[in-house]
> 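I have a structure here, written as structure tokens, and I will follow up with some questions on it.
Being a predicted model, the structure only gives us computed values, none of them experimental.
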Amino acid sequence: MRRWLDDLPKYADDSSWWPKGTKRCRPEVFLIWLGLPLTLLAYFSVGAVLCLALGLNQTNMNDYFAFGVWIVVDLAVIALGAGAFFTSFLNYIVGKTELKPIVNAAVLIGFICYVGAILMLGIDIGQPIRGWFGFWHANVHSMLTEVMFCITTYAIVLTIELLPSVLDNKRISRVPEFGTFSHNLHTIMIVFAAAGTFLSFFHQGSLGGMFGVLYARPFAARGGLGIWPWTFFLFIMSAIAVGPSFTTMVVMITEKISGRKLTKHSVKMLMGKISGWLLVVYMVFKSADTLWWAYIKLPSAGLTLDNMYHAPYGFWLLWVEIGLCGWLPALMLVQEKVRASYGWMFVAMLLACIGITLNRFVFTIQSLALPVLPFEKFYAYLPSWPEWGIATLVLGFGLLVFMLAYRYLPIFPQEPELND
Amino acid sequence: MQWDRRAFIKLAVGGVLGVHASPLMWKLMDDSTIWTQNWSWVPVPEDGAVAYANVVNPQTGTGAKARLVQGRVDGTRAIRVEGNPEHPLSKGGVVPQDASALQLLYNTDIRVTAPLLRNRANGRYSKLSWPEALDILAGNLAEVSKQGKPEAIMALGHDPESATGQLLLCLMAALGSPNLAFTPNAGETLALAGLAMMGQTDLGFDLANADYVISFGTPLLENFGAPVATRKAFASWRGFPKNKGFLGQVESRASITASQADMWLACRPGTEGALALAMCTIMIQEGLYDQAAVKASFGFKDEGDFKGFKSFLLKNYRREQVAQMAGVPLEKLVKLTLGFAKAKRAVAVCGPGNSSDPGRMYDFMAVLALNALKGNIGKPGGVLVQDALPLKSIGSTSLRGNVRPLVDPAQGLDSNNPDALAKAALAGKPYAVKTLLLVGGNFVYNGPQAGVMEELARKTPFVVAMTPYLDESASVADLVLPTTHWLEGWGDSTSPYGSPVSCYGLHRPLIKAVPQAKDAGEVLLQVASRLGGKIAAALPYKNMEEVLMARTQAMGDFEQLVEQSFWVQAKPAYGPVKFQTPTGRFEFFSMGLFKLLSGRAGNPQALERMVAMMGVSGGLEAAFLPHWETPAAADDLGTGMPLLLTAVPSLRTTWGGDAITPYMVKVLPDTMLADMDKLVVEMNPQTAHELHLYEGDLIRIDSVAGSLTAKLSLFAGAAPGVVYAPVGLGHSAFGFQVEGKGMNFNRAAKVTTDPMSGLPVWELTAVSVEKVQG
Amino acid sequence: MVIDLDKCTGCGACSVACMSENNIGVLHNETDKIRSITWMRVYQIDNGKSFPDTEVAFIPRPCMHCQGGKSGTPGQAFFQEGPMDEEAHPPCVSVCPATATDYDEETGIVSQIPTRCIGCRYCVAACPYHARYFNWYDVPWPKGSPRALSPFVSPRMRGVVEKCTFCYQRYQAARNKAMVSGGEVGEMDYQTACTEACPSGAITFGQLQNPEHKVHKLISSDYTFRLLEQLHTNPKVYYMSKREWVRKMADNYVTRHNKFAQAATQSGH
Ligand SMILES: Nc1nc2c(c(=O)[nH]1)N[C@H]1C(S)=C(S)[C@@H](COP(=O)(O)OP(=O)(O)OC[C@H]3O[C@@H](n4cnc5c(=O)[nH]c(N)nc54)[C@H](O)[C@@H]3O)O[C@H]1N2
Ligand SMILES: Nc1nc2c(c(=O)[nH]1)N[C@H]1C(S)=C(S)[C@@H](COP(=O)(O)OP(=O)(O)OC[C@H]3O[C@@H](n4cnc5c(=O)[nH]c(N)nc54)[C@H](O)[C@@H]3O)O[C@H]1N2
Ligand code: SF4
Ligand code: SF4
Ligand code: SF4
Ligand code: SF4
Ligand code: SF4
Ligand SMILES: [Mo]
């Protein structure tokens, strides 16, 4: 017994699983770190059990706030996870191979975001067991059908895209079959990148379309091209603009926590540049859309911009979203000087990510908060504790997967050379 | 295995196909569909042949049809109560209480399913068989009677006109106790006012044919008479592009009636009767009254010693003076009056107050006087006298014996005052009560002063509740006897308040009753038969069917009547009214009242003293004329009690009969019930401001009778200085869907006695208000 | 459907009759109006004036059975006889991923199939009239109370959306009867539970396009209006009132700031 305890560090020694040429913290330290995501997941589990067993009355959603924090988080993580498809697209299809060192991380983050979102959606619907009706009795006119199809298939694509990194693990790749399989996967990855790009473009758009088509909800309703409302395009633009920022931010945070360099700063700067310019383009369109909505669309419904902002959902939301977390980071990121600074680039990227989260928040919550009937009451919404628990799923699940992946999988090809 | 691209693709495609080819996935899909649609806790109603049966809801007077489904397993069950288009008054409409009646019927958690004996010490019930229960009841009645004090038996019933009510009267008469009262209602006040001025008791308002209607404080569109019939009349006044009828409402609050009215005369609460008199003054001064009708009347002009109505009005009810006292703009008052005077078929309506109390007799007389000035009595669209219902007596109902009743009959014209009775019994003056029979009506909840009824029930040695429900009365009774719901048993009901024609409704067992429930009337018959002797002889029927058959002999074939479920006077009685007053004329000065009270008093001095003792203000000059009495609550308004409490009636709540139903609770607006079942009361924003109270504050309202805790809602349409509380909430029984929803208005209402009618009134109560929490 | 607000006395009979017709449950706490299921909800509004000029009115609100599509003309609604100028497009139908709600071209009724609904609540978000209700709870049926349930409408399970169906089961019954007798579904053969129940006769139901039907005449009145016409939801429920302030409450005509100033004066639900 005694000996066994003494030998514990030997048994726990997992260094043979570490990616080639890297160093990781001691197993005990890692175990302590794992406590964080596991705590979050425990909180999630309590919420999930309550909501599944007792029903959605455990949340603070209601017939006025039909969507709540889960949809906000879903929309936000799907936008932030867009780094996966867009970086893959630039890397595999456009041929921007400078991005190769960060593609794996982007795909991993995308995988986390999408799987997390799907799990949450499974709890969000009132009849989870019937979830598949959306495929079986699909209504092709529904933006949500499109979202359901694309998110599910794209999550599969992401899994496949992630598989080579798993198979390239030092120990796993020793199994010859896995090695060949992984090699085969690499060779056809471009197909998946293309499929992913297509799917992702569509569902990012459809998520925006979901709100834009609510033509009887003046806050959300937008005009558009054919069956696609402006929000369809705005959501795509905003997602591809912040996706790279988010990926880069996650890498930077990992670097700070692990104390190891993971990608060259030039790669990050390139990501920042892409983000910045796309954000500029997005902000131009978003601003135009907002003006059109305020001066043409709303008056046609008998309303004015003032009516759309009501405490606690006041005008500050608009200024923060478009100004502080929109134009400001856009203008910062297009500047070489800002990108050259590790700190300032991080700040700009963070602002951009907050801005897009805020955008998804207002479309979800504020759309519903504003009573359309003149004699309706105004309600505000705050999630319940089990609801927050479920909302922490992405965080808990994400941390867990990311920590394991970082420890064992060759996500960062530049790491060995940068930390020699 | 060689891992080349072909193998890889083979594996992928093969895997996908394999999964789909296996039955597992399809089976799971199918199962999940079926399973999520058939949760065992979601009921599956059984189908069956559909049949309809006519019925009249005795609670609402609505002519209805029960929709029955004849299931193979579950048997015949009622699935809906719908309107009966053939019923001449309700014409297919229903009110919420009709449409949701099945919720109280089919809830075995709240029904009494067997006779129960309650142990007072621990409150526990034990089940009895009917013979045991009847033995206990008959034994108690026999014992109390044998001790020579049958008057120590007191009974409270719901409806004296119904067959059950008549049987209760017969039983009490045979036992020899005069201490019986029924749920008080405005019909009695109208009958007394009618008797005083017209010598007729069965008056009605021909609303459907009127083109100008003024209602004096009566919630015409909240609850009045048979609510469906009232609404049918109201709807007939509305039209596009022009209305066919005008509605004026005199009331203190922007109620539904006031809002739907073409003119709302917003007055101080309790001043409605004075305004009716001011309108009389205006009509007289403008010469806009029916000269012929007035000429044929008595007491308009001074006659001998008696001051006539005209000079009394001109002296005491000048328009400016009344308008100022009532807080209404004079021009509006005049406009409303002139419209009334000039309209073709105008009628003024009096009725129950917002609190469902019987109303004040002098106010009713004022309104009848207004109608008489208009000359609309016996005319289409006016005040009509109903034909008497062709009902046969089923026994002697005279309670007048040599036993002194608990309440001195000289206190007013009518002795039907459960509140006065209860208070006397509680005080033990002039003697104590040993047995209390509660035959329907749920007095412990409805009161009218609920706290008094509960205390009486707790202090009386033996209390019996005959009720279909485990209600508040059952919860304090020693013996609880299960009676039938109106869809399960035999029973009847008579003309609703203010109906222009007389009507009768009959109900019979349409579905199987809950185990062991008996018709309340049948219980009385069986008790009488057990008591034997002259008591058994006084109630010589086997069951309610026999009683009803005897009662309705003159209505034609019984079978047919049962099928039809109603009898309605064929045509309204238009034409000259036979005034059965001492003068044979319409009496503005009530000679009938004068003679009656003079006879009781003996001499003029004693008459003067008697009138003063009854609480009639204005002395002998006013006592026999329509006049206005300051509401008793106004006298209570003092330093400690600065506000008036009054009620908000609604068709979404009930008072007097069956409890509010779950669906009615469900549709209560958040101006009545909010925030996890808190009672909501209304107050004028200005009044609240002066009291430093804000929207949403939790307040306590205290009166001498009791208190309410409620959430404050500021309503611009509320008169300043008044707290408006919904009636009919705050049950402490009826299951989780009804119990504990709000608080009971009748716990805080102070009940006083109307000086002339002797009936209990509780429209206004002086209260103080205190903030409990913000 | 046409509802005369000058006849409506807010009695709630329509609402309750609908509940009994359509097997609606009662929860422990029904004061939580944003989780309480009331297919026919009776709103109370007031004119915002102070005592003694205050006036209240009621707006009974079933599902509007929006046709969407081209806005405006009454000729384009309910019991469409000819081919439609434009495809029907109710706000709530196209959004449903599971085709659990649909627009019936023959009757113009927006259907709801609770057994197919996955409970995503997208349709709830889409409806500006709050006519759609999600089953947040399992209905706690008291003992014995299922005996009062109608066999013609299935009680719903937790986690699905439901709403007014214009008593579709009554239409089906009328249609079946007409098929047997070889006739057509007449005006009085198909009446909704709320219409029948209303003690004031404030609700009129029929085919908007059929000149023989009462509703057809009623909707051409100057006093007729619909809720939120400016949103082009094209509802099949019309209202009428001679009171201008009531008609104005039907839609937003805000200049600036006044919408919530107005809303603040309204008394509750
Ligand atoms: N695919 C599909 N499925 C459906 C439907 C649909 O439209 N399409 N409709 C659904 C509906 S609405 C219904 S009602 C059900 C109907 O589904 P079922 O209840 O299966 O009805 P039937 O197919 O008519 O078959 C009833 C059986 O009863 C037998 N039978 C006939 N008379 C008698 C009798 O007097 N006594 C006894 N003991 N047996 C008798 C018949 O021979 C037959 O075998 O199907 C449902 N399922
Ligand atoms: N020859 C023959 N005739 C039969 C029978 C048979 O066995 N043989 N069976 C008989 C039986 S048992 C039945 S039940 C009947 C069935 O006869 P129908 O009642 O005519 O049933 P369906 O043909 O299924 O048509 C139902 C319609 O309702 C629509 N619908 C479905 N759900 C909803 C909803 O929630 N809301 C609205 N608004 N619409 C909805 C569908 O789109 C469809 O148009 O047929 C009877 N007739
Ligand atoms: S009843 Fe339900 S499961 Fe059966 S075929 Fe129809 S939709 Fe499918
Ligand atoms: S949008 Fe609302 S009101 Fe219109 S059809 Fe859909 S549920 Fe009914
Ligand atoms: S909640 Fe049900 S009906 Fe509504 S959109 Fe989702 S699946 Fe369709
Ligand atoms: S039409 Fe039928 S389902 Fe719709 S509100 Fe009226 S009664 Fe309810
Ligand atoms: S039943 Fe008629 S009067 Fe009563 S609330 Fe409904 S529409 Fe109005
Ligand atoms: Mo069927």
> Using non-hydrogen atoms only, which part of B/K741 is less than 4.5 Å away from chain C: side chain, backbone, both, or neither?
side chain

> With chain C as the partner, which of B/R238, B/R67, B/R80 has the greatest number of non-hydrogen pairs under 4.5 Å?
B/R80

> Side chain, backbone, both or neither: which part of C/D6 has a heavy atom under 4.5 Å from chain B?
both

> In terms of heavy-atom pairs under 4.5 Å with chain B, which of C/S50, C/S200, C/A202, C/G201 leads?
C/S200

> Would you please name every residue forming a side-chain hydrogen bond (donor to acceptor under 3.5 Å, both in side chains) with B/Y663, sequence neighbours left out?
none

> Tell me, for C/D4 versus chain B, whether the close heavy atoms (under 4.5 Å) come from the side chain, the backbone, both or neither.
side chain

> With a 4.5 angstrom heavy-atom cut-off, is it the side chain or the backbone of C/L5 that approaches chain B, or both, or neither?
backbone

> Decide if atom NZ of C/K217 counts as having more than 12 heavy atoms of other residues, nucleotides or ligands within a radius under 6.0 Å.
yes

> Answer yes if the side chains of B/E251 and B/W264 hold a donor-acceptor pair under 3.5 Å, and no otherwise.
no

> Counting heavy-atom pairs closer than 4.5 Å to chain B, which one of C/R158, C/H28, C/E55, C/R243 comes out on top?
C/H28

> Tell me, yes or no, whether the heavy-atom count around C/K248 atom NZ, taken from other residues, nucleotides or ligands under 6.0 Å, exceeds 12.
no

> Is there side-chain contact between C/S150 and C/N22, with at least one heavy-atom pair below 4.5 Å?
no

> Mark yes or no for whether C/N23, through its side chain, and C/V153, through its backbone, hold a donor-acceptor pair below 3.5 Å.
yes

> Side chain, backbone, both or neither: which part of B/R111 has a non-hydrogen atom closer than 4.5 Å to chain C?
neither

> Please state whether the side chain, the backbone, both or neither of B/V69 comes within less than 4.5 Å of a heavy atom of chain C.
side chain

> Return yes when atom NZ of B/K242 has more than 12 non-hydrogen atoms of other residues, nucleotides or ligands closer than 6.0 Å, and no otherwise.
no

> Looking at B/V665, B/L651, B/I256, B/V94, which one has more heavy-atom pairs under 4.5 Å with chain C than the rest?
B/V94

> Among side-chain atoms of C/S36 and C/E30, is any donor-acceptor pair under 3.5 angstrom?
yes

> Heavy-atom distance under 4.5 Å to chain B: side chain of C/S154, backbone, both or neither?
neither

> Does any heavy atom of chain C fall under 4.5 Å from the side chain of B/T653, the backbone, both, or neither of them?
neither

> Does the side chain of B/L729 reach to within under 4.5 Å of the side chain of B/L668, using non-hydrogen atoms?
yes

> What part of C/C11 gets within 4.5 angstrom of chain B, counting heavy atoms only: side chain, backbone, both, or neither?
both

> Below 4.5 Å from any heavy atom of chain B, which atoms of C/R156 appear? Answer side chain, backbone, both or neither.
backbone

> Checking C/R116 side chain against C/T99 main chain: does a donor-acceptor pair fall under 3.5 Å?
yes

> Is B/A674 close to chain C through its backbone or its side chain, or both, or neither, when contacts mean heavy atoms under 4.5 Å?
backbone

> Report which part of B/N223 has an atom under 4.5 Å of a heavy atom belonging to chain C: side chain, backbone, both, or neither.
neither

> Without hydrogens or angle criteria, can the side chains of B/E222 and B/T257 be said to hold a donor-acceptor pair below 3.5 Å?
yes

> Considering only heavy atoms, which portion of B/N684 lies under 4.5 Å from any heavy atom of chain C: side chain, backbone, both, or neither?
side chain

> With a 4.5 angstrom heavy-atom cut-off, is it the side chain or the backbone of B/A718 that approaches chain C, or both, or neither?
backbone

> May I have the step-by-step check of side chain to side chain contact (heavy atoms under 4.5 Å, CB included) for B/R253 and B/F715, ending in yes or no?
CA-CA 9 Å; B/R253 175 178 167 273; B/F715 177 46; 4.0 Å; yes

> Looking at B/V81, B/I110, B/V228, which makes the most heavy-atom pairs under 4.5 Å with chain C?
B/V228

> Among C/M40, C/M240, C/M19, who wins on heavy-atom pairs under 4.5 Å with chain B?
C/M19

> Using the ring of each side chain (for Trp, its six-membered ring), is C/Y171 parallel, tilted or perpendicular to C/Y168, with breaks at 30° and 60°?
tilted

> When the ring centroid of C/F166 is compared with that of C/F205, is the distance short of 6.0 Å?
yes

> Side chains of C/D138 and B/W41 only: does a donor on one sit below 3.5 Å from an acceptor on the other?
yes

> Given a strict heavy-atom distance threshold of 4.5 Å, which part of C/T195 is in contact with chain B: side chain, backbone, both, or neither?
neither

> With sequence neighbours excluded, what pairs up with C/H216 under the ring pair (Phe, Tyr, Trp, His ring centres under 6.0 Å) test?
none

> Side chain, backbone, both or neither: which part of B/S252 has a heavy atom under 4.5 Å from chain C?
backbone

> What residue in B/A235, B/P329, B/G93, B/A266 has the most heavy-atom pairs under 4.5 Å with chain C?
B/A235

> Does any backbone or side-chain atom of B/S100 lie under 4.5 Å from a heavy atom of chain C? Answer side chain, backbone, both or neither.
both

> Using a cut-off of under 4.5 Å for heavy-atom pairs, which of C/A57, C/C14, C/P52 has the most such pairs with chain B?
C/P52

> Report the option among C/P155, C/P146, C/S221 that has the most heavy-atom pairs separated by less than 4.5 Å from atoms of chain B.
C/P155

> Please look at B/T62 and chain C and tell me whether the side chain, the backbone, both or neither of the residue comes under 4.5 angstrom of a heavy atom of that chain.
neither

> Could you tell me which of B/L105, B/I511, B/L102, B/L221 has the largest number of non-hydrogen atom pairs under 4.5 Å with chain C?
B/L221

> Among the options C/F51, C/W141, C/F152, pick out the one with the most heavy-atom pairs lying under 4.5 Å from chain B.
C/F51

> Please classify the contact of B/E46 with chain C as side chain, backbone, both or neither, using a heavy-atom distance under 4.5 Å.
backbone

> Assess whether salt bridge (Lys or Arg N to Asp or Glu O under 4.0 Å) is satisfied between B/D74 and B/K512, documenting all intermediate values.
CA-CA 11 Å; B/D74 291 343; B/K512 222 167 95 196; over 6 Å; no

> Do C/R132 and C/F134 form a cation-pi contact, if we require the NZ or CZ to be under 6.0 Å from the six-membered ring centre and within 45 degrees of the ring's axis?
no

> Check whether C/A197 gets within reach of chain B through its side chain, its backbone, both or neither, counting any heavy atom under 4.5 Å.
both

> Heavy-atom pairs under 4.5 Å with chain C - which of B/G83, B/A261, B/A233, B/A78 has more of them than the others?
B/A78

> Give, as side chain, backbone, both or neither, the part of B/V680 having an atom under 4.5 angstrom from any heavy atom of chain C.
neither

> Look at the side chain of B/E82 and the backbone N and O of B/K65, then say whether any donor-acceptor pair between them is shorter than 3.5 Å.
no

